[in-house]
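One structure is given here, and the rest of the page talks about it.
In the text below, chain A, chain B and the rest are named by the order of the sequence lines, each starting its count at 1.
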Number of protein chains: 2
Amino acid sequence: MYDQTEYRAEILKALGQPTRMKIIDFLRDGERCVCEIFPAIGEEHSNTSRHLNLLLSSGILARRKDGIKIYYAVKHPEVFEIVDLATLIMTHDITGRQRLLKVA
Amino acid sequence: MYDQTEYRAEILKALGQPTRMKIIDFLRDGERCVCEIFPAIGEEHSNTSRHLNLLLSSGILARRKDGIKIYYAVKHPEVFEIVDLATLIMTHDITGRQRLLKVA
DNA sequence: CATATATATGATTGTATAATCATATGCCAG
DNA sequence: CTGGCATATGATTATACAATCATATATATG
């Protein structure tokens with residue numbers, strides 16, 4: 001049994017991990033199959049599969065099967081807004097915290 | 001050394017924990033001292049202090065000292081937008097996932 | 001200076017998480 | 001039916017995290 005606070009935290013926690021952040025970034029242009037995702041983000045298929053499953057079960061991704069392939073897509077456009085706001089905070093905060101950033 | 005992905009993930013991860021979510025909620029109306037925060041969210045002062053420190057060092061909170069008291073405040077208004085978007089996702093997702101929610 | 005209040009930190013413990021390797025399942029083609 | 005590709009999952013390991021209790025520091029006040 002869940003309360004609101006835990007549920008909201010779960011969503012943000014799901015997004016707050018580098019591998020999953022890369023997945024979300026890669027899914028900006030729409031659904032992709034696992035075989036496209038894991039090479040794109042540079043992770044093992046096994047690890048990628050687990051992170052995809054976590055994002056699925058926290059309600060962030062949708063899953064579609066097509067023959068042998070499984071396609072994942074971001075279910076709520078708000079997810080991209082959240083990620084963009086995090087980017088915004090990062091840029092605002094850089095001067096304040098003097099953090100070194102690799103401009104990837 | 002940090003890249004953009006890790007930094008953005010760190011911000012969302014910091015927000016994605018129930019105790020810290022409660023802290024952010026409580027700080028909506030502006031800065032509060034630790035002695036107001038921990039009874040309001042129902043956590044030990046010690047635990048609260050640690051979470052405040054984490055939020056501070058991930059760049060989300062600002063800290064101000066006034067005599068014996070330490071006041072914390074949310075530094076970026078985007079933080080509230082993120083939390084609100086998470087709430088929105090939650091409400092959109094309720095019917096889809098049939099999750100039971102205590103309406104706190 | 002002694003005491004009380006506010007906050008932070010050390011040490012510990014249990015639990016969760018991420019990554020990896022190996023193996024299993026499902027589905028299509030020949 | 002066999003082989004190969006796509007995906008998922010079991011087992012393991014190392015690391016990170018949250019919570020708690022006890023203790024330390026700092027500041028204000030009598």
Side-chain angles (χ1 to χ4, degrees), chain A residues 1-3 5-27 31-74, chain B residues 1-3 5-27 31-74:
Chain A
M1 185 73 152
Y2 255 169
D3 70 8
T5 303
E6 281 181 62
Y7 198 137
R8 290 183 300 154
E10 187 189 333
I11 292 169
L12 296 182
K13 185 179 176 184
L15 299 174
Q17 201 277 340
T19 303
R20 293 193 291 270
M21 183 75 88
K22 286 188 246 167
I23 291 173
I24 300 298
D25 283 340
F26 184 64
L27 293 178
E31 67 170 14
R32 299 273 183 230
C33 68
V34 183
C35 59
E36 295 173 298
I37 297 171
F38 82 83
I41 66 171
E43 292 289 331
E44 286 232 354
H45 73 106
S46 169
N47 194 30
T48 304
S49 177
R50 281 181 214 280
H51 284 296
L52 286 168
N53 189 54
L54 191 151
L55 287 166
L56 181 73
S57 53
S58 36
I60 289 166
L61 297 186
R63 183 168 133 131
R64 183 177 71 88
K65 200 173 168 174
D66 183 20
I68 200 177
K69 295 186 179 178
I70 310 275
Y71 289 87
Y72 286 94
V74 172
Chain B
M1 185 71 152
Y2 255 168
D3 69 8
T5 303
E6 282 181 61
Y7 199 137
R8 291 183 299 154
E10 187 190 333
I11 291 169
L12 296 182
K13 185 179 177 184
L15 299 174
Q17 201 278 339
T19 304
R20 294 194 289 271
M21 184 74 91
K22 286 188 245 167
I23 291 173
I24 300 296
D25 283 340
F26 184 63
L27 292 178
E31 66 170 16
R32 298 273 184 231
C33 68
V34 183
C35 59
E36 295 171 298
I37 297 171
F38 82 82
I41 66 172
E43 293 290 330
E44 286 232 353
H45 73 104
S46 170
N47 195 29
T48 305
S49 178
R50 282 181 214 278
H51 285 295
L52 286 168
N53 188 55
L54 191 152
L55 287 166
L56 182 72
S57 53
S58 36
I60 289 165
L61 297 186
R63 181 169 133 131
R64 184 177 69 87
K65 200 173 168 174
D66 183 20
I68 200 174
K69 295 186 177 176
I70 310 275
Y71 289 87
Y72 286 93
V74 171

Please report the interatomic distance [atom1]([X]) to [atom2]([Y]), rounded to the nearest 0.5 Å.
X       : Y       : atom1 : atom2 : answer
A:Arg32 : A:Lys69 : CZ    : NZ    : 11.5 Å
A:Tyr72 : A:Ile60 : OH    : CD1   : 13.5 Å
B:Ile37 : B:Glu31 : CD1   : CD    : 9.5 Å

Checklist entry - Are the side chain of A:Arg20 and the backbone N or O of A:Ala14 linked by a donor-acceptor pair below 3.5 Å? => result yes
Item to check | Protein proximity profile, nucleotides 23-30 of chain C - base contact B, sugar-phosphate-only contact S, no contact -, cut-off 4.0 Å on heavy atoms | outcome: ---BBS--
Filtered N/O pairs between nucleotides 18-20 of chain C and protein, under 3.5 Å:
from   : atom 1 : to      : atom 2 : distance (Å)
C:dA18 : OP1    : A:Arg20 : NH1    : 3.1
C:dA18 : OP1    : A:Arg20 : NH2    : 3.0
C:dA18 : OP2    : A:Arg20 : NH1    : 3.3
C:dA19 : OP2    : A:Asn47 : OD1    : 3.3
C:dA19 : OP2    : A:Asn47 : ND2    : 2.8
C:dA19 : OP2    : A:His51 : NE2    : 2.6
C:dA19 : O5'    : A:Asn47 : ND2    : 3.4
C:dT20 : O4     : A:Arg50 : NE     : 3.1
C:dT20 : O4     : A:Arg50 : NH2    : 3.1

Item to check | Residue pair A:Leu61, A:Leu27: steps toward the side-chain contact (heavy atoms from CB on, under 4.5 Å) verdict | outcome: CA-CA 10 Å; A:Leu61 297 186; A:Leu27 293 178; 3.8 Å; yes
Checklist entry - Could you go step by step and tell me if A:Leu54 and A:Gln17 meet the side-chain contact (heavy atoms from CB on, under 4.5 Å) rule? => result CA-CA 11 Å; A:Leu54 191 151; A:Gln17 201 277 340; over 6 Å; no
Next on the checklist: So A:Tyr72, base contact, sugar-phosphate only, or nothing? Heavy-atom distance under 4.0 Å.
Outcome noted: sugar-phosphate
Checklist entry - What does B:Phe38 touch in the nucleic acid at a heavy-atom separation under 4.0 angstrom: a base, only the sugar-phosphate, or nothing? => result nothing
Next on the checklist: With heavy atoms of chain A within less than 4.0 Å as the criterion, where does contact along DNA chain D begin and end?
Outcome noted: D:dC5 to D:dA11
Checklist entry - Would B:Asp3 and B:Glu6 count as a side-chain contact (heavy atoms from CB on, under 4.5 Å) if you check the C-alpha gap in whole Å, the side-chain angles of each, and the deciding distance to 0.1 Å? => result CA-CA 6 Å; B:Asp3 69 8; B:Glu6 282 181 61; 3.5 Å; yes
Item to check | Member of B:Glu44, B:Glu43, B:His45 meeting the side-chain hydrogen bond (donor to acceptor under 3.5 Å, both in side chains) criterion with B:Asn47 | outcome: B:Glu43
Next on the checklist: Out of the candidates A:Leu15, A:Leu52, A:Val74, only one should pair with A:Ile23 under the side-chain contact (heavy atoms from CB on, under 4.5 Å) rule; please name it.
Outcome noted: A:Leu52
Checklist entry - For B:Ile41 and B:His51, what are the C-alpha separation, side-chain angles and deciding distance, and is it a side-chain contact (heavy atoms from CB on, under 4.5 Å)? => result CA-CA 12 Å; B:Ile41 66 172; B:His51 285 295; over 6 Å; no
